[in-house]
Amino acid sequence: MKQTLVLAGTLIAGTLTAHAAPLAKLGAPEGRLDIIAWPGYIENGSTDKAYDWVTPFEKATGCKVNVKTAATSDEMVSLMNKGGYDLVTASGDASLRLVAGKKVQPINLALIPSYKNVDKRLQGAPWYTVGGAAYGVPYQWGPNVLMYNTKVFKTPPTSWAVVFEPQNLPDGKPNKGRIQAYDGPIYIADAALYLMSKRPDLGIKDPYELNDKQYAEALKLLRQQNALKHRYWHDVTVQMNDFKNEGVAASSAWGYQVNALKAEKQPIASVVPKEGVTGWADTTMLHADAKHPTCAYKWMEYSLNPKLQSALAEWFGSNPVTPAACKEKAPGGSNFCQSNGFDNFAKVRFWKTPTAKCASQGSCVPYSTWTRDYIGVMGGK
């Protein structure tokens, strides 16, 4: 995915000069750390005592960890714009926006010795590296899978068509009112990815780089989906309840929901359809005005240890950013790297911020337009 993201990084390289130099050395820990994170990313054992990577960190550093969860990348950007936080676990559709908006600062990787152990596929990745400067360290990555009810689908669905096209599902009942879509403008890329296979005549090369015609067709598909949807999801707990209690049969989802529902013995499974998947590669980024930089650097270093990476990957249904974690036994004893698709990295179309100037064609529809129009789609317009 690197080559498709370089241009986006180049477009904002000029913002680097406005940032202060990276921290040169660590001072005394400030005693506090405020993190914006996806639900399930920063666990302290309160949900399940077997999954706790916060308490050991707090004991070792004296940095008390406070977490503000966010359900979408847009919410993360909004929170970072308001300030008052040290770190954010930003996905690729937010990270370059945070750099361009001067809300994050470059990182001194010399102060994070474990960075050398990061997966080579992620080192220097352009969704957090701009103008040769790193604006964070990788945290986890994973695909946006198709989650489905195994009582409805006796055999796994093979296409995203089950959530985009009006049809009867294998149980003989219509999919109307039984499918969900993600509540975020970046979901337009999921529609575009489906159209890359269904409508090759459109010439889509990159689901994040759409010209006016390609974009219009993606919106048309999403408006069709609007008439089928049960709900636009962003809260993982609500989505899990919908699958358990509201008759929802299929939706895009993260591994977190799949694993959690399976743990509850629910009839749930997931698949990577033939069209492929979008996905996320998340980066821990430091706010430009972080009040607790030493604690933040200590967390970034700590976050890369294989024990944390393995427990997090098993818990969240994601993949570790340090390959050594795949050999580390996780609390539940699962083969999480295999089940979460560690070897499918090349098949994932990772989230990135759509820009007006793009690599695959002369000009593309920018993210600001995606945001405006997806609000309209969700509202039935």
Side-chain angles (χ1 to χ4, degrees), residues 9 12-13 15-37 41-42 53-67 76 80 83-92 94-96 98-99 101-141 281-312 320-325 328:
I12 61 174
T15 65
L16 287 170
T17 56
H19 291 288
L23 194 67
K25 62 179 181 179
L26 299 182
E30 301 89 356
R32 181 184 176 99
L33 181 61
D34 297 298
I35 307 176
I36 303 168
Y41 251 16
I42 313 291
W53 43 92
V54 170
T55 302
F57 172 78
E58 291 179 331
K59 290 180 178 178
T61 64
C63 301
K64 173 66 176 176
V65 176
N66 303 285
V67 181
M76 287 186 171
M80 287 291 280
Y85 301 95
D86 301 302
L87 295 172
V88 61
T89 58
S91 295
S95 52
L96 292 182
L98 291 171
V99 176
K102 304 181 179 66
K103 297 304 179 183
V104 291
Q105 59 180 281
I107 300 300
N108 182 354
L109 293 178
L111 299 178
I112 306 176
S114 292
Y115 183 80
K116 66 180 182 295
N117 301 322
V118 168
D119 194 324
K120 301 302 184 194
R121 300 174 299 184
L122 293 169
Q123 288 190 17
W127 51 83
Y128 70 91
T129 307
V130 179
Y135 280 79
V137 297
Y139 192 57
Q140 291 274 289
W141 67 271
D282 294 346
T283 305
T284 306
M285 309 183 83
L286 179 62
H287 198 288
D289 301 315
K291 295 180 180 179
H292 313 108
T294 296
C295 283
Y297 265 85
K298 287 185 175 294
W299 176 267
M300 286 187 284
E301 166 63 19
Y302 172 76
S303 72
L304 298 177
N305 78 76
K307 187 174 182 179
L308 181 155
Q309 285 285 313
S310 65
L312 172 56
V321 298
T322 54
E328 182 80 24

First locate atom OG1 of Thr294, then atom CG of Leu33, and finally report the distance between them rounded to the nearest 0.5 Å.
-> 11.0 Å

How long is the gap from CH2 on Trp299 to CG on Leu87, to the nearest 0.5 Å?
-> 9.0 Å

Rounded distance (nearest 0.5 Å) linking atom CZ of Phe57 with atom CG of Asn305 = 11.0 Å

Sort out for me which residue in Thr129, Ile112, Leu23 forms a side-chain contact (heavy atoms from CB on, under 4.5 Å) with Ile107.
-> Ile112

Identified side-chain contact (heavy atoms from CB on, under 4.5 Å) partner of Ser114 from the options Leu304, Thr322, Val137 | Leu304

Looking at Thr283 and Trp127, what are the two nearest heavy atoms and their distance?
-> OG1-CD1, 3.7 Å

Does the Tyr41 side chain pair with the main chain of Tyr139, one donor and one acceptor, at a distance under 3.5 Å?
-> no

Can you name the nearest heavy-atom pair linking Ala90 to Met285, along with the distance?
-> CB-SD, 3.8 Å

Identify the two heavy atoms, one from His287 and one from Met80, that lie closest to each other, and give their separation to 0.1 Å.
-> NE2-O, 2.9 Å

Sequence-distant partners of Glu328, side-chain contact (heavy atoms from CB on, under 4.5 Å), two or more places apart = Pro306, Lys307, Ser310

Backbone N/O of Gly31 and side chain of His292: donor-acceptor pair under 3.5 Å | no

Are side-chain heavy atoms of Thr89 and Thr284 found at a separation under 4.5 Å?
-> yes

Sorted by chain and residue number, the side-chain contact (heavy atoms from CB on, under 4.5 Å) partners of Ala134 (sequence neighbours excluded) come out as Leu109, Tyr128

In terms of heavy-atom contacts, Asn117 and Pro323 come closest through O-CD, 3.6 Å

Given side chains that start at C-beta, do those of Cys295 and Arg32 come closer than 4.5 Å, heavy atoms only?
-> no

How would you list, by chain and number, every residue that makes a side-chain contact (heavy atoms from CB on, under 4.5 Å) with Asn108, sequence neighbours excluded?
-> Pro22, Ala110, Leu111, Tyr297

Give the minimum heavy-atom separation between Val118 and Pro138, together with the two atoms involved.
-> CG1-CG, 3.9 Å

Please name the pair of heavy atoms, one in Gln105 and one in Ala288, separated by the smallest distance, quoted to 0.1 Å.
-> NE2-O, 3.4 Å

Sorted by chain and residue number, the ring-ring contact (aromatic ring centres under 6.0 Å, His included) partners of Tyr115 (sequence neighbours excluded) come out as none

Qualifying residues under side-chain hydrogen bond (donor to acceptor under 3.5 Å, both in side chains), relative to Gln140, sequence neighbours excluded = Gln309, Ser318

Which pairs with one or both residues in residues 56-66 pass side chain to side chain donor-acceptor pair (under 3.5 Å), sequence neighbours excluded?
-> Asp34-Asn66

Sorted by chain and residue number, the side-chain contact (heavy atoms from CB on, under 4.5 Å) partners of Lys291 (sequence neighbours excluded) come out as Asp86

